[in-house]
Each structure stands twice: as structure tokens, then as C-alpha cells.
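Have a look at the structure below, then the notes.
Everything numeric here is computed off the predicted structure, so don't read it as measured data.
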Amino acid sequence: MRRAKLPALALMGFVLLAGCSGGGPRFNPVQGKVLWRGKPPVGARVIFHPIPQTPNQLQPSALVEEDGSFHLKTYVPGNRRDYADGATSGEYRVTIDWFPLSGKSLSVGKAPLTDKLEGRYADPERSSLQATVKDGENVLPPFELK
């Protein structure tokens, strides 16, 4: 009986290891900072667009926090948790937009929301911001917006 259990346990362990290796993309932790005129644009949206662009690419994104920092997450359709921490390695164009998100600015009858950065960094084709994500942990230099 013991002989029968050992191969079964070994096979089960192999199957578990094979399942954990995963065939999907590997995500690397990415953190950075955004400053606009020297201050954090709290709530600004940062999006990384892979270079070269192809349809259905994963686009890591984050919101700027009180101290100007951001930590990228990537929406992965079909993933159990929906979001993976970080981004895949590679070159990226970076876009940043900043819309007021207070309850007052969203009420009916108000002027439409406008990007506080006036769209200067909102288009991946025109944005001058770029970043490289490497395998492992990434701490990017600050994006200083003017």
C-alpha cells in the first residue's frame, strides 16, 4: 500500500508545481512618484502603454496618492483577482491625466470635467513621458510635470 501512495503523492506534487509555474505574463512591482509644479497631483491617473502598441495589450495603471507616489496594477481579464500587482517588463509610454473627483464637480448642471493638466500628457502618441520596467522590483525616477 505504501508504494502505491508514494507515486500518487509525487504525481500530485508535480501537477501542483506545474500549475504554479504559470504560462501567463510575469508581473514586476513598480512604484514611482508624480509631481506637478512641485506638488503631488492627488488622484491623477497614470497609465503605462507598452511600446510597440498592439491590440488588446495589458495597460498597467495607478492613481497618485497623497504623497505623490503610485503603485502600478494591471487588469488581467479572466484572472481570479482581476488585478495583478505591477507590470510586465518592457518599454512604456506613460500618460497622466488629472480630473477633479469631488462630489460637487460631478453634479448635474456643472461644467464638464476638464483635465487639470490640459491634456499635455494624456495622449500616448504625444506624451513625452517614458519608462522602462525591468524584471524584479522597480522604483522609477519621479515624473516632474510642468
I'd like to check [X] versus [Y] (side-chain heavy atoms, cut-off strictly below 4.5 Å). Are they in contact?
X      : Y      : result
Asp135 : Arg26  : yes
Arg120 : Lys146 : no
Asn56  : Pro77  : no
Glu65  : Lys33  : no
Ser127 : Arg93  : no
Glu66  : Pro40  : no
Phe27  : Asp85  : no
Lys134 : Ser89  : no

Discussion item. Donor-acceptor pair, distance only, cut-off 3.5 Å: does the side chain of Asp97 make one with the backbone of Thr95?
Written reply: no

Item to complete: Check whether any side-chain N or O of Gln57 sits under 3.5 Å from a backbone N or O of Pro52 as a donor-acceptor pair, and report yes or no.
Response: yes

Show the nearest heavy-atom pair for residues [X] and [Y], with the distance to one decimal.
X     : Y      : value
Gly43 : Leu63  : O-CD2, 3.7 Å
Phe99 : Asp115 : CE2-N, 3.3 Å
Pro29 : Gly136 : CD-O, 3.7 Å

Discussion item. My understanding is that a hydrophobic cluster links ILVMFWY residues whose side chain heavy atoms are under 4.5 Å apart, including indirect links. Using that, what else belongs to the cluster containing Val139?
Written reply: none

Worksheet, complete the sentence: Using a 4.5 Å side-chain heavy-atom cut-off and chaining through intermediate ILVMFWY residues, the residues clustered with Trp98 come out as Val30, Val34, Trp36, Val46, Phe48, Val64, Phe70, Leu72, Tyr92, Val94, Ile96, Leu117, Tyr121, Leu129, Val133, Leu140, Phe143, Leu145

Discussion item. side-chain contact (heavy atoms from CB on, under 4.5 Å) for Thr74 and Tyr83? Distances and angles first, verdict last.
Written reply: CA-CA 5 Å; Thr74 302; Tyr83 284 90; over 6 Å; no

Item to complete: Apply side-chain contact (heavy atoms from CB on, under 4.5 Å) to the pair Asp82 and Tyr75, showing each step before the final yes or no.
Response: CA-CA 6 Å; Asp82 289 332; Tyr75 175 71; 4.0 Å; yes

Worksheet item: Do other residues, nucleotides or ligands put more than 12 heavy atoms under 6.0 Å from the CZ atom of Arg45?
Response: no

Practice prompt. With sequence neighbours excluded, tell me which residues meet side-chain hydrogen bond (donor to acceptor under 3.5 Å, both in side chains) with Gln59.
Written response: His49

